[in-house]
Amino acid sequence: GNSVTQMEGPVTLSEEAFLTINCTYTATGYPSLFWYVQYPGEGLQLLLKATKADDKGSNKGFEATYRKETTSFHLEKGSVQVSDSAVYFCALKGDSGGYQKVTFGTGTKLQVIP
Amino acid sequence: KAGVTQTPRYLIKTRGQQVTLSCSPISGHRSVSWYQQTPGQGLQFLFEYFSETQRNKGNFPGRFSGRQFSNSRSEMNVSTLELGDSALYLCASSRTGGNEQFFGPGTRLTVL
């Protein structure tokens, strides 16, 4: 079946540091890939997405490129802020038993300190 | 456009009881999915409904059930609650053919 593997957290960075959160996936066919973010006490919200190989999703300074050759979708940001502290989930939407199903990674908690 | 709403936001129950959670999707969205989120297991898929039919189901026991109404609102029910059912239950809706899921704030269930 489909699966998503994210780097273990928590990740602690100083403000303005460079962020990378690794995500790799296993899926048949050509899934769509997503990064969702969950702020404390809230549900998940879509951060960015990519629907085909070599697509780059970007939003709020975050970027991720769909790399089919390495089955990866790593999240990056050049300069993090305290307000970026949250849990980040990598996800894919792909075929699973004839249906399009969303599979989430375990989440990576990011803490940014001033 | 109003977002996904979930009621109640918080719930405390005791073992053996049953509980019903409600989710109202974004207007026009016909697909509703439910997830259980716990610190130990992360985000786990429960089931998905589309046009009142269960389209997908995760690996949860039969105590977990759901339904969807003709207005796309959905409910999930957990019977014979166990301590391990304590979790944040998230509902997400999506439009037909859409890739993105829109999540509600969740219902925090505590089982004592």
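All values below come from the heavy atoms of this structure, side chains included, with hydrogens, waters and symmetry mates left out. Letters A, B, ... mirror the listed sequences (proteins, then strands); counts begin at 1.
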Proximal component of R9(B), with respect to chain A [non-hydrogen, under 4.5 Å]: side chain
Please determine whether the number of non-hydrogen atoms from other residues, nucleotides or ligands lying under 6.0 Å from atom CD of E16(A) exceeds 12. no
Non-hydrogen atoms of chain A under 4.5 Å away: do they reach the side chain of F102(B), the backbone, both or neither? neither
Tell me whether the count of non-hydrogen atoms from other residues, nucleotides or ligands lying under 6.0 Å of NZ in K57(B) goes above 12. yes
For F89(A) and L43(B), which heavy atoms make the closest approach, and how far apart are they? CE2-CB, 4.4 Å
If you draw a 6.0 Å radius around CD in E8(A), do more than 12 non-hydrogen atoms from other residues or ligands fall strictly inside? no
Heavy-atom count check: over 12 atoms from other residues, nucleotides or ligands less than 6.0 Å from R55(B) CZ? yes
Please examine the side chains of V87(A) and Q37(B), heavy atoms only from C-beta on, and report whether any two atoms are closer than 4.5 Å. no
Flag if over 12 foreign heavy atoms under 6.0 Å of OH, Y30(A): no
For K68(A), I'd like to know if atom NZ has over 12 heavy atoms of other residues, nucleotides or ligands within 6.0 Å. yes
Side chain from CB out, backbone as N, CA, C, O: work out which of these in E100(B) comes under 4.5 Å of a heavy atom of chain A, or both, or neither. both
Short side-chain to backbone donor-acceptor contact, Y36(A) and Q101(B), under 3.5 Å: yes
Rounding to 0.5 Å, atoms CZ (F103(B)) and CG (L46(A)) come to a distance of 9.5 Å
Counting only non-hydrogen atoms closer than 4.5 Å, does T103(A) touch chain B with its backbone (N, CA, C, O), its side chain (CB onward), both, or neither? neither
